[in-house]
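Counting convention: from 1, in listed order, for ligands and their atoms alike. All figures in this text were calculated on a predicted structure; none of them were measured in a lab.
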Amino acid sequence: MEFPLQDEIKSLMEKNRRVKGGFTYTVPSPEIYPFQWLWDSCFHAIILSYFGKNEAQNELRSVTSHPLPNGLLPHIIYWEDGYHKKNWGRELRGDILNQSWGIDGTSAITQPPIIATALWHVHTMHNDIKFLKELYQKLRTYYLCLLAERDPESSGIVGIINPDESGEDNSPRFDRAQGLPERHTADQNLNKRIDRIRQNRECNFNARDCMRQHFWIKDVAFNAILVRGLEDMAHIANEIGETEDHDIFLIQQSRTKKAMRKHMCEGGFCYSLDDDINKKIHIDTWNLFTPLFGGTLTHEEADTLVHDMLLDEKKFWSPFPIPSIAQNESCFQKNDFWRGPTWIAPNWFIYQGLKRYGYEKAAGELRDRTRSLIERSGFREYYDPRNGKGLGANNFTWGGLIIDMH
Ligand code: GLC
């Protein structure tokens, strides 16, 4: 079977492939993101599974090779010695990549828990029980640690301790918690995020303390991805004969799903919670659609969401969808990182969610528009949702996810 942009994606992935210390990994973009990122590598494993078993498995092997002492998987593995002495991507990212996390070789925070979904995907493509067994304990520890450490109230919902853990570093849904006004410069945002890392260091990355003292957001996308991850952990456990774990993961999955519905959602519209003020953050971001990916909505709720939000041209159905922020939000900015532009990984999540709920036509349209966006502007980090102009890093890998939109 031929896949869209197959040859271009293959050569992009090869160009961005690195080998260090016996491990193979892929950098999201050679100039701006020269290290290994957690959710990026999960996307890479899904993309690479279309080109071969070993490539996909090696990506998951390397990204799970440096767990933090508590078992969480770090959001960055630097691989390079002396990385902090270089000014990687400084012109775009300020000093953010050179921060000290109080630990060597990795960051000390995590990213959305999509790894079980990536591993399960690779397994469904290549059927290798031995590899499931090889990674199982690390993934098990990671998910159980998230559930325990990030939910000190036992609510069923997990929290994040730093905006970068969401994968959407400067999303407006963090503005209030970051003490930022709706309009601010990229530098102001970066400086707040650097302050946040310093605070995280002060509380030793101990989630309970960091959340109580500084920053405690219960994020919709993070939790919807967790629900899906727990479902996939249950599949994996079942496949390798860990029947007790299978049940545990399903119970946890249903707990988080119920808690999301109870605390975050109303009539199909789910919003992140700012725990400091115990409030929903009512900003329409692409996160609204992640419950479709997690399977946490009823069909009736999904219908309202898809028709009243996703397919509304004034909100998310722009000429080059899906904007990260609804176009009718006052904070929408068409070219500012996670404050408006279209990103391909969100499109992949939304596509999978639409398929899950049976919206074949909308899913097909989203796939076609995503493909023409890449054909028109190349593999860029993000795009202007109005005219499709490519923005941010070049040779950015996320466009490769189009291969899994079929
Ligand atoms: C940016 C993105 C984040 C991604 C990283 C590497 O920081 O916001 O989601 O993981 O780049 O691509």
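The distance criterion of under 3.5 Å between nitrogen or oxygen atoms is not met by Glu381 with respect to ligand 1. Any N or O atom pair closer than 3.5 Å counts here, and Trp39 shares at least one such pair with ligand 1. Considering both main-chain and side-chain atoms, Pro28 never comes within under 3.5 Å of ligand 1 through any nitrogen or oxygen pair. Close N/O approach between Trp343 and ligand 1 is not found [any backbone or side-chain N/O within under 3.5 Å].
Taking the six-membered ring for Trp and the full ring otherwise, the centers of Phe23 and Trp79 sit less than 6.0 Å from each other. In summary, the aromatic rings of Trp348 and Trp343 are positioned with their centroids too far apart to meet the 6.0 Å limit.
Of the candidates Trp338, Trp37, Phe43, it is Trp338 that places a heavy atom closest to atom 8 (O) of ligand 1.
Ligand 1 places these atoms under 4.0 Å from at least one heavy atom of Gly167: 2 (C), 3 (C), 8 (O), 9 (O). Atom numbering of ligand 1 starts at 1 in the shown order; those under 4.0 Å from a heavy atom of Trp398 are 4 (C), 9 (O). Near Phe396, the atoms of ligand 1 lying under 4.0 angstrom from a non-hydrogen atom of the residue are 12 (O).
For the pair Arg228 and Phe293, the distance from NZ or CZ to the six-membered ring centre is under 6.0 Å and the angle to the ring normal is within 45 degrees.
Just one residue in the list Tyr357, Phe349, Tyr359, Phe316 forms a ring pair (Phe, Tyr, Trp, His ring centres under 6.0 Å) with Phe289, and that residue is Phe316. With respect to Trp398, the ring pair (Phe, Tyr, Trp, His ring centres under 6.0 Å) criterion is satisfied by exactly one of Trp39, Phe379, Tyr383: Trp39.
Using a 4.0 angstrom heavy-atom cutoff, Gln111 counts as in contact with ligand 1.
Atom NZ of Lys389 sits in a sparse spot, with 12 or fewer heavy atoms from other residues, nucleotides or ligands closer than 6.0 Å. Heavy-atom contacts from other residues, nucleotides or ligands closer than 6.0 Å to NZ of Lys10 number 12 or fewer.
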